[in-house]
2 protein chains.
Amino acid sequence: MTKARTHVLEAITQAKEPVSARQLCEKFQSDYDPATVYRALHYLEEKGRLDSFILHCAEHGTERYYVLHSEEHRHWFHCERCHRFTDLGLCRFDDLVAQMSLEKGLAITSHTFYATGICPECRRKM
Amino acid sequence: MTKARTHVLEAITQAKEPVSARQLCEKFQSDYDPATVYRALHYLEEKGRLDSFILHCAEHGTERYYVLHSEEHRHWFHCERCHRFTDLGLCRFDDLVAQMSLEKGLAITSHTFYATGICPECRRKM
DNA sequence: TATAATTTGCAAGTGACTTGCAAATTATAA
DNA sequence: TTATAATTTGCAAGTCACTTGCAAATTATA
């Protein structure tokens, strides 16, 4: 592991919620080139240390977010105000997805789910 | 309605499955500038005639897809081989989403769901 | 250590849009 | 129906989130 990769992994470990590539590029802008950050993310995901997903939000556009890899499949809520994520826990859609799969004869290998709205903290401030 | 907007809306109506902006730009490349196609899509969505969502697939990257607007919230399956969509029917996640919302005190205003894998036609050809 | 293999920074390139602006359409008024 | 006002279009350039080529700098292996 090189310094860049170690630092990127540490940043994501400490975040405890999904972090976008752009956030990491900003955080490390005085240490590493964006290309290095992106390459570190690819490397870490390829090595199974990170998971990622793409989410679109009106304010930040379409970005890829990274979390530490886990065997368990989780879903996230994204706050439209503060842009922080809330863990929605382990996936509870497996039965419904299996049912859809059966109904249409599909071989569903993965699914994407996320919820958006306002988190409790932001609601309090409204 | 101008000609461009009418033609874009017709193309989406005939497709009966989500169509990407890029597909429409290609279809109309000899008739309209891509900027016009994009502007027509914004106009039609703004006027409530279209709904859209963003989906990322390995082969086509991240693109916005458009369908005719409907009051009912539906979800789609995207085939990784032929890139066609299969309608998964009306949303069945409302109860689960409400439950997540309650558990975490979130004001969930929308959610995104899509499944990916191989459709029956592509599976037959494997 | 010396040498081989890998990674990094920089700059340029991509893909999916987005925007400024003048010309062409379309809508409204007379 | 035509004059005028408002909107839309095409073109070219710009933006944003990456991606890539290549030589220099690191890191790994002998």
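Proteins get letters first, then strands, A, B, ... in listed order; numbering begins at 1 in each.
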Taking atom types as modelled and ignoring hydrogens, do the side chains of A:T62 and A:H56 form a donor-acceptor contact shorter than 3.5 angstrom?
yes

Answer yes if the side chains of A:E71 and A:H73 hold a donor-acceptor pair under 3.5 Å, and no otherwise.
no

In terms of heavy-atom contacts, does CZ of B:R74 have more than 12 from other residues, nucleotides or ligands at under 6.0 Å?
yes

Tell me, please, which residues at least two apart from B:D94 pass side chain to side chain donor-acceptor pair (under 3.5 Å).
none

Counting Watson-Crick and G-U wobble pairs with both distances under 3.5 Å, what is the dot-bracket string for DNA chain D, 5' to 3', using [ ] for crossing pairs and | for pairs to another strand?
||||||||||||||||||||||||||||||

Sequence neighbours excluded, the answer for ring-ring contact (aromatic ring centres under 6.0 Å, His included) partners of B:Y66 is none

Closer than 4.0 angstrom, basic N to acidic O: yes or no for A:E121 and A:K125?
no

For residues 39-51 of chain A, which residues have at least one heavy atom under 4.0 Å from DNA chain D?
A:R39, A:H42

May I ask you to decide if the ring planes of B:F113 and B:F93 are parallel, tilted or perpendicular, using 30° and 60° as cut-offs?
tilted

Integer-rounded Å distance: D:dC18 C1' and A:E26 CD:
14 Å

Which pairs, protein N/O on one side and nucleotides 14-17 of chain D N/O on the other, fall under 3.5 Å?
none

Starting at NE2 of B:H56 and ending at P of C:dC17, how long is that distance when rounded to a whole Å?
13 Å

The correct set of residues in residues 3-18 of chain A placing a heavy atom under 4.0 Å from DNA chain C is A:A4, A:R5

Between atom CG in A:D33 and atom P in D:dG21, what is the gap in whole Å?
16 Å

Strictly by modelled atom types, are A:H7 and A:Y32 linked by a side-chain donor-acceptor pair under 3.5 Å?
yes

With B:S20, the side-chain hydrogen bond (donor to acceptor under 3.5 Å, both in side chains) member among B:H83, B:H60, B:E63:
B:E63

What class does the angle between the rings of A:Y65 and A:F85 fall in, given that below 30° is parallel, 30 to 60° is tilted and above 60° is perpendicular?
perpendicular

Atom-pair distance (OH on B:Y32; C1' on D:dC11), nearest Å:
17 Å

Side chain of B:A35, heavy atoms from C-beta onward: which of C:dT26, D:dC11, C:dG9 has the nearest atom to it?
D:dC11

Report, as yes or no, whether the 6.0 Å neighbourhood of atom CZ on B:R49 holds more than 12 heavy atoms from other residues, nucleotides or ligands.
no

Given atom CD1 of B:I54 and atom P of C:dG15, what is their separation to the nearest angstrom?
18 Å

Could you check how far CE of A:M1 sits from C1' of D:dT26, rounded to whole Å?
15 Å

Answer yes or no: does atom NZ of A:K27 have more than 12 heavy-atom neighbours from other residues, nucleotides or ligands under 6.0 Å?
no

